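Encoded as structure tokens, the structure appears first; notes follow it.
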Amino acid sequence: MLRRPKILAALAAVALPVALTGVSLGGPPAEASSPAPAPSAVAASAYSAAAAQYGVPESVLLAVSYAESRWDDHAGAPSTSGGYGPMHLTALGASEVAELSGKQKIAKPDDSYRTLYEASKLTGLDPVALRNDVTANISGGAAVLASYQKSLGLPVGANTSAAEWYGAVASYAEAQDKVGAGGFADDVYSILAKGAARTTNTGQQVVMPALAVTPDKSQLGKLSLPAGVQPSKSNVECPPSLGCEWLPAPYSEFGDGDYGNHDLANRPKTGKIDYIVIHDTEGTWQGVLNLVQDPTYVSWQYTMRSSDGHVWQHVKAKDVAWHAGNWYVNMHSIGIEHEGFAAQGATWYTESLYRNSAKLVRYLAVKNNIPLDRAHIIGHDQVPGTIPSTVRGMHWDPGPYWDWEHYMDLMGAPIWGKSVLPVRTGSIVTIKPGFANNVQVINSCDTPGTPCKPQGTNFVYLRQAPDDNAPLVKDLGLHPDGSNGTTEVSDMGSRVAAGSQYVVAERQGDWVAVWYLGAKGWFKSPASAPDAFAKPGLVVKPKAGLTSVPVYGRAYPEQSAYPAGIPYQTVTPLQYSIGAGQAYPVGDLNIETDYYRAVTFAGEPPTDHVQVLGKDKYYQIWFGHRMAYVRAADVDVRPAV
């Protein structure tokens with residue numbers, strides 16, 4: 001089941017789309033520090049040794065491991081699909097995976113052999129070693145791949161062509177059908193063609209040279225798997241390679257004139273689709289799928305399973321799902337739920353999930369003319385509150401452990417990270433701190449007040465002065481009493497995440513101050529290891545003579561735009577403002593000023609739903625950790641320094 005704050009905010013959007021009920025976030029600050037994990041002594045040569053021993057081309061072994069884990073190890077902890085180590089050797093059956101529910105525990109295997117136990121049988125290595133020792137894990141994965149190749153009657157040998165291993169690679173996916181198996185194999189060969197190099201989470205440098213081959217895809221026919229969902233015969237809006245399923249969210253009445261769980265529309269005619277909102281479910285996939293089929297609950301367009309990245313679609317892109325907690329954003333977005341828990345991070349955010357989600361997002365972005373950047377591919381944690389009272393209750397998923405840098409790379413839209421321009425007062429900087437080695441202090445993931453397990457994060461903290469010991473910046477929306485920001489996992493108010501943009505207010509040595517929520521926020525970005533990179537772009541500044549400019553959580557029309565019979569939706573500024581002399585980057589100049597009036601159960605097409613269009617123009621800006629809107633009449637748009 002979804003966490004209670006998520007339910008309350010979502011249900012508020014159903015009852016009254018234009019005004020949500022706030023929910024308290026976070027708790028008292030806890031500043032305890034946690035050390036980063038120590039580098040492993042295991043060398044990347046383990047791949048070449050295992051490849052030679054079991055007769056697998058090293059390139060294939062490396063590409064399969066990268067597709068499964070990006071060569072990372074998690075110190076004996078299983079993924080949500082019960083997989084261990086860089087080769088993701090699985091030890092849990094489907095029923096036991098369903099019981100994980102976000103908890104790190106090891107269950108007994110079911111009656112079928114999973115790859116960890118098969119690897120133990122083939123290598124003679126103890127399952128405990130295969131789980132915990134990286135060299136053993138890689139050897140086990142190579143042995144399993146070789147056994148799949150032999151079972152298909154295909155040649156084995158380290159010098160065999162990588163093109164001849166397509167069927168074995170597809171088998172390694174442990175997919176439920178040929179669509180899923182083929183999708184995994186296609187990913188592996190795509191990785192192989194591009195090559196890869198990275199430092200793993202245990203500090204090891206691994207390099208895989210690019211090798212473009214044409215795999216023998218006919219081998220897929222040898223696998224004893226059902227065909228799977230055929231996209232051409234289904235009702236989904238999805239890339240064919242993903243094999244998405246249609247599981248409709250119900251549009252139905254349920255008494256007292258109420259209905260759920262989304263609104264019919266005809267987008268983009270009834271409102272442009274500007275954003276794709278990335279959520280996590282705060283629940284396991286089966287429970288979430290049950291919820292989206294409940295007309296009394298909320299809805300979203302897609303759900304993605306953690307273990308293998310399988311996709312279900314629930315609401316058509318033309319219709320408005322109730323997912324963001326902000327009706328204006330709902331009107332202009334598509335919501336994708338990813339199975340996982342924001343406070344647990346990498347355990348749930350698997351490589352399969354990232355890769356398939358990136359494919360889906362790129363497909364939707366191209367289809368709906370959505371820019372592939374972090375102003376439009378946004379987290380739920382970037383959606384603004386609608387009015388001051390709702391800011392504190394807005395959500396913080398997918399949270400600090402979602403790897404935005406890798407995710408955008410997978411879409412072919414990498415986050416800016418070039419030192420082309422100097423970082424100086426007035427320039428726009430894009431945050432890019434790295435991920436695996438960016439281990440920030442975070443508290444209360446499992447137990448209130450206790451440090452979270454160290455792992456890579458997607459953000460850097462902002463402080464009130466250029467000093468490591470200075471307090472974190474304040475967010476009056478999250479802390480109305482004026483208290484400082486905290487390191488609580490749910491407290492996003494003092495963080496700038498990968499891909500977000502800000503204008504430099506000042507620089508002192510290694511420290512950079514940016515304009516943030518109407519004040520300066522400082523972070524360390526030394527030239528030798530920068531966390532922010534300057535780029536050209538446009539900024540907004542208050543018009544001459546204005547001491548401050550209001551910011552808004554939605555771009556609703558002026559009162560005169562509403563026809564008779566449709567109540568005016570009051571344009572209410574948030575509790576923040578832009579002061580004279582401050583500047584903020586433009587996220588989008590082409591914002592639609594509108595309100596989609598949809599408060600009744602309607603037929604198809606919905607003839608009694610109305611899009612109210614206004615003339616009062618707004619711009620979307622980067623303002624704090626969330627996006628915001630400003631009236632064009634209040635600001636000037638200028639190139640950054």
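This structure is a prediction, so every number in the text was calculated from the model and none was measured.
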Using the rule given for side chain to side chain contact (heavy atoms under 4.5 Å, CB included), can you reason through Trp522 versus Gln464, listing the C-alpha separation, both sets of side-chain angles and the distance that settles it, and then say yes or no? CA-CA 6 Å; Trp522 292 86; Gln464 296 178 30; 6.0 Å; no

Between the side chains of Asn438 and Thr457, is a donor N or O closer than 3.5 angstrom to an acceptor N or O? yes

Could you go step by step and tell me if Tyr562 and Tyr595 meet the side chain to side chain contact (heavy atoms under 4.5 Å, CB included) rule? CA-CA 9 Å; Tyr562 288 80; Tyr595 167 66; 3.8 Å; yes

Out of curiosity, Gln559 CD to Asp616 CG, how far, rounded to the nearest 0.5 Å? 12.5 Å

Run the ring pair (Phe, Tyr, Trp, His ring centres under 6.0 Å) test on Phe533 and Trp416 for me, step by step, so that the C-alpha distance in whole Å, both residues' side-chain angles and the decisive distance to 0.1 Å come before the verdict. CA-CA 7 Å; Phe533 300 84; Trp416 182 275; 8.7 Å; no

Under 3.5 Å side-chain donor-acceptor pair for Ser357 and His338: yes

Among Asp491, Thr487, Thr486, whose side-chain hydrogen bond (donor to acceptor under 3.5 Å, both in side chains) with Asn443 holds? Thr487

Quick one: does Val641's side chain get under 4.5 Å of Arg424's, heavy atoms only? yes

Polar contact flag, side-chain donor to acceptor under 3.5 angstrom, Gln382-Arg374: yes

NZ of Lys418: more than 12 outside heavy atoms within 6.0 angstrom? no

State, yes or no, whether a side-chain contact exists between Leu264 and Glu604 at a heavy-atom distance under 4.5 Å. yes

Is any side-chain heavy atom of Val320 less than 4.5 Å from a side-chain heavy atom of Trp327? yes

Check: Glu339 and Leu353 side chains under 4.5 Å, non-hydrogen atoms: no

Sort out for me which residue in Asn261, Asn330, Asp263 forms a side-chain hydrogen bond (donor to acceptor under 3.5 Å, both in side chains) with Trp322. Asp263

If you measure only the distance, is there a donor-acceptor pair under 3.5 Å linking the side chains of Gln620 and Asp274? no

For the residue pair Ala413 and Leu372, what are the closest heavy atoms and their distance? CB-O, 3.4 Å

Are the aromatic rings of His406 and Tyr354 close, with centres under 6.0 Å apart? yes

Can you see whether Glu245 engages His310 through a side-chain donor-acceptor pair at a distance of less than 3.5 angstrom? yes

Do Glu337 and Trp312 have side chains that approach each other closer than 4.5 Å (heavy atoms only, starting at C-beta)? no

Flag if over 12 foreign heavy atoms under 6.0 Å of CG, Asp256: no

Give a yes-or-no answer on whether the side chains of His625 and Asp381 include a donor-acceptor pair shorter than 3.5 Å. no

Lys541 and Val549: CA distance, side-chain angles, deciding distance, side chain to side chain contact (heavy atoms under 4.5 Å, CB included) verdict: CA-CA 9 Å; Lys541 296 182 176 182; Val549 166; over 6 Å; no

Ring pair (Phe, Tyr, Trp, His ring centres under 6.0 Å) with Tyr349: of Trp402, Trp404, Phe435, only one passes, and it is Trp402

Tell me if the centroids of the rings in His262 and Tyr251 come within less than 6.0 Å of each other. yes

Would you check if Gln569 and Thr386 make a side-chain contact, meaning some heavy-atom pair closer than 4.5 Å? no

Taking all non-hydrogen atoms of both residues, which atom of Gly485 and which atom of Ser494 are closest, and how far apart? CA-OG, 3.4 Å

If we ignore angles and hydrogens, is there a donor and acceptor under 3.5 Å between the side chains of Asp594 and His332? yes

If the plane angle is over 60° it's perpendicular, under 30° parallel, otherwise tilted; pick one for Tyr629 and Tyr328. perpendicular

Is the count of non-hydrogen atoms from other residues, nucleotides or ligands lying under 6.0 Å from Lys359 atom NZ greater than 12? yes

Knowing that exactly one of Asp280, Val361, Thr303 qualifies, which makes a side chain to side chain contact (heavy atoms under 4.5 Å, CB included) with Ile336? Val361

Does the side chain of His314 come within less than 4.5 Å of Leu289's, by heavy atoms? yes

Could you list the donor-acceptor pairs under 3.5 angstrom formed between side-chain atoms of residues 575-585 and any protein atom two or more places apart in sequence or on another chain?
from: Gln575; atom 1: NE2; to: Pro388; atom 2: O; distance (Å): 3.3
from: Tyr576; atom 1: OH; to: Asp475; atom 2: OD1; distance (Å): 2.6
from: Tyr576; atom 1: OH; to: Gly477; atom 2: N; distance (Å): 3.4
from: Gln582; atom 1: OE1; to: Gly579; atom 2: N; distance (Å): 3.4
from: Gln582; atom 1: OE1; to: Tyr584; atom 2: OH; distance (Å): 2.9
from: Gln582; atom 1: NE2; to: Gly518; atom 2: O; distance (Å): 2.8
from: Tyr584; atom 1: OH; to: Gly518; atom 2: N; distance (Å): 2.9

Tyr502 versus Ile431: any side-chain heavy-atom pair under 4.5 Å? yes

